[in-house]
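Chain letters run A, B, ... following the sequence lines, proteins first, then strands; residues in each count from 1.
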Amino acid sequence: MKIVIAEKPSVARELAKVFGATTKKDGYIEGKGYSFTWAFGHLLQLAPPQEYGFIGWRRQHLPMLPKKFKLSVRKVKTKDGFIEDPSVRKQLDIIKKLFDEATEIIVATDAGREGELIFRYIYYYLKCKKPFKRLWISSQTDEAIKEGFRNLKPGTDYDTLFNSAHCRSESDWLVGMNATQALSIAAGNRTVLSLGRVQTPTLAMICSRFIETKNFVPKLFYQLSILLDKDGQQFKALSIANFDKKEDAQVLFDKIQDVSAGFPTGGLIKDVESKPRKEPPPLLHDLSSIQQEANKKKGYTADQTLSILQSLYEGKLISYPRTGSRYIGDDVFAGIPKLIDQLRNHPEFGKSAEFLTTVPLNKRSVNAKKVTDHHAILPTGEPPYHLSSEKQAIYDMIVARMLEAFHKECVKELTKITIESGSTFIANGTVIRSAGWRSVLNDPEDDNKGEESLSLPKVKKEESLPILEKALVEKQTKPKPLYNEASLLKALETSGKEIEDEELRYAMKDSGLGTPATRASIIETLITREYIKREKRNLIPTDKGLAVYEVVKDQAIAQAELTGQWEKRLEEIRSGASVSEFKEEITAYTRTITTQLLGCGVSIAEKATV
DNA sequence: GCAAGGTC
């Protein structure tokens, strides 16, 4: 019997289907000489400190540097504390039995670092010695799966990938467990003060933005505004110049030749500029982008959206949701026309769907090279029934985005009118010439760009128009907004470097903090620790969070760059570089940060433990 | 009691 092990049940089912294996057993599917079994993500984790004899949180244990790490079965939280997850134990027993009977083991966990680790931890925990082969595919279509099975790799080809994954795992344990205990002990052991490679830089981003906002001193400035009239259609224009002093603004304000000052047509049109602007449709959704949209439009937390997505996925209504890709391959694209066709009678999206059946589809979201383990989120085409309003809302966002992504670009006409009256004024207008993808939802535009979507009258250069009103407007500079879940998720993708451009953000996503699948839980961890709280839709630090931030803000553990540095080294390990060298550095760093944190003592004690 | 990673 050949055993195939996948990362999750859905993938095992898919593989079994391709092979025509149909006999459902407890924990695996059998047929055609194969058994297809699965994990549920990581079944094993690095054992906690107490399993190495570090009982209680004590200064003299630190730094805890296990010679050899142990694995333990994933725990689940119950009212009596943490216990071994029984479903995980059961699945491990099933996998063990299958491995014992196996004539060949085929590893079909996701094609990436963590997928490799998920299998290897199981393999070593079960003390399995049989050789294994690796299925390495980046698309789940029947053809890709068949091709992958014809082209299995020797398991040892991925030893260096496992090394890099293993290093990532142990390094996070060493730094996280030691720093957490060190800081907690330093503060008097009254509460858990956790630190980690990902959570601490995230906390630092929230704190530094909060402090920046709090200390922000708004600056007053002045601008002039006029209201013009062209054959009954009125429009507003603003002075190009800003003035720090009111008196300076007043001088030019007095020179405005408005009607009430006795000038019937005091606004001279110096220039009229019209140019079209094309807006391509948005890319399909990945996990992060839909979490952001759901937070902006519905106020759902990243965690809520993830669990809604999980249940839609389990109901077979949408494709795998924990994806970091906003693209699909050509094979998946081939199924899109059918998905769109099914929506022709949809009460809200029927018209858009109907239209799309008559035109060539936009292929901006089609790029097989940008599909990694999983493609962008799509509906499966399975009809949804009786969804709760929350599930319906998320489902509709996925359907709408699909229609938008394959739609035509939106064409706008930008008009800029320059007016002279004592000083120079500008009126900006945007008119949508062809709505394209924007017709799907008809959402008002994101107004954060300060772009006014109003239409301006047709005016001619050199003509003079009456100025009906003038005003001297007092304005003030604004601080950067506090983080909310949407802006934080976006910032985490690029380690706090906020990048507007979607494509550039994608290129940088490998240097982001955390992964799509873990970001929601990072936010929840910081809330559980009482480091941050939700206030309206914002995420703001608590006094405890700020106290921790003050202690660690200049240390490496609070810098997003630490992840970038690790990633660089891990990638070198994957291509064959020495493992021991990196481990020595991590050990040294663990010693350093432990000593530093233990020494911070009193400064944190009162502030963080109230 | 604690990390980050994956998933039901």
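No N or O donor and acceptor, one from the side chain of A/Gln91 and one from the base of B/dC8, sit under 3.5 Å apart. Scanning atom types as modelled, one donor and one acceptor separated by under 3.5 angstrom connect the side chain of A/Gln181 and the base of B/dC2.
If you check every strand for non-hydrogen atoms under 4.0 Å, A/Val198 touches sugar and phosphate atoms only. Contact annotation for A/Asp110: backbone-only contact, meaning every heavy-atom pair under 4.0 Å involves sugar-phosphate atoms and none involves a base. Across all strands shown, A/Arg113 has no heavy atoms under 4.0 Å from either base or sugar-phosphate atoms. Within 4.0 Å (heavy atoms only), A/Thr518 reaches at least one base atom of the nucleic acid. Residue A/Pro9 is in sugar-phosphate contact alone, with no base atom involved, counting any heavy-atom pair closer than 4.0 Å across all strands shown. Using a 4.0 Å heavy-atom criterion, one finds that A/Leu117 contacts no nucleic acid atom at all. Backbone-only engagement by A/Gln199 is indicated by non-hydrogen atom pairs under 4.0 Å involving sugar-phosphate atoms exclusively. No engagement by A/Tyr121 is indicated, since no non-hydrogen atom pair under 4.0 Å with the nucleic acid exists.
Regarding A/Leu46, its CG atom lies at a distance of 13 Å from the P atom of B/dG5, rounded to whole Å. Put simply, CG on A/Leu92 is 17 Å from P on B/dT7, counting in whole angstrom units. Taking atom CD of A/Glu524 as the reference point, atom P of B/dC2 lies 15 Å away to the nearest angstrom. At whole-Å resolution of the value, CD in A/Glu314 and C1' in B/dC8 are 6 Å apart. Rounded to an integer number of Å, the gap from NZ of A/Lys77 to C1' of B/dA3 is 16 Å. Between the NE2 atom of A/His42 and the P atom of B/dG6 there is a distance of 7 Å, given to the nearest Å. One atom, CZ of A/Arg120, and another, P of B/dG6, lie 18 Å apart when rounded to the nearest Å. Protein atom CD of A/Glu170 is 15 Å distant from nucleotide atom P of B/dG5, rounded to whole Å.
Nearest nucleotide to the side chain of A/Arg322, out of B/dA3, B/dT7, B/dG1: B/dT7. Set against B/dG6, B/dA4, B/dC2, the side chain of A/Arg168 has B/dA4 as its closest nucleotide. Of the candidates B/dT7, B/dA4, B/dA3, B/dA4 carries the atom nearest the A/Arg197 side chain, counting heavy atoms from C-beta on. Looking at the side chain of A/Glu7, the nearest of the listed nucleotides B/dC8, B/dG6, B/dG1 is B/dG6.
A salt bridge links A/Glu84 with A/Arg89; the closest basic N to acidic carboxylate O contact falls under 4.0 Å. No salt bridge links A/Arg113 with A/Glu116; every basic N to acidic carboxylate O contact stays at or beyond 4.0 Å.
A residue-by-residue look at A/Gln310 and A/Thr200 shows that A/Thr200 has its nearest nucleotide of DNA chain B further toward the 5' end.
Using a 5.5 Å limit on the distance between ring centres and a 30° limit on the angle between planes, the aromatic ring of A/Trp57 counts as stacked on the six-membered base ring of B/dG1.
Considering only side-chain N and O atoms, A/Arg529 lies under 4.0 angstrom from the phosphate OP1 or OP2 of B/dC2. One finds a side-chain N or O of A/Ser194 lying less than 4.0 angstrom from the OP1 or OP2 phosphate oxygen of B/dA3.
Each of A/Tyr124, A/Phe132, A/Tyr158 was evaluated against A/Phe119; a single residue qualifies, A/Phe132, per the ring pair (Phe, Tyr, Trp, His ring centres under 6.0 Å) test. No option in A/Arg574, A/Arg120, A/Arg134, A/Lys153 other than A/Arg120 meets the salt bridge (charged side-chain N to carboxylate O under 4.0 Å, His left out) test with A/Asp159.
Side-chain N/O atoms of A/Ser487 and A/Asn484 include a donor and acceptor closer than 3.5 Å. Side chains of A/Gln392 and A/Asp396: a donor-acceptor N/O pair is present below 3.5 angstrom, by distance only.
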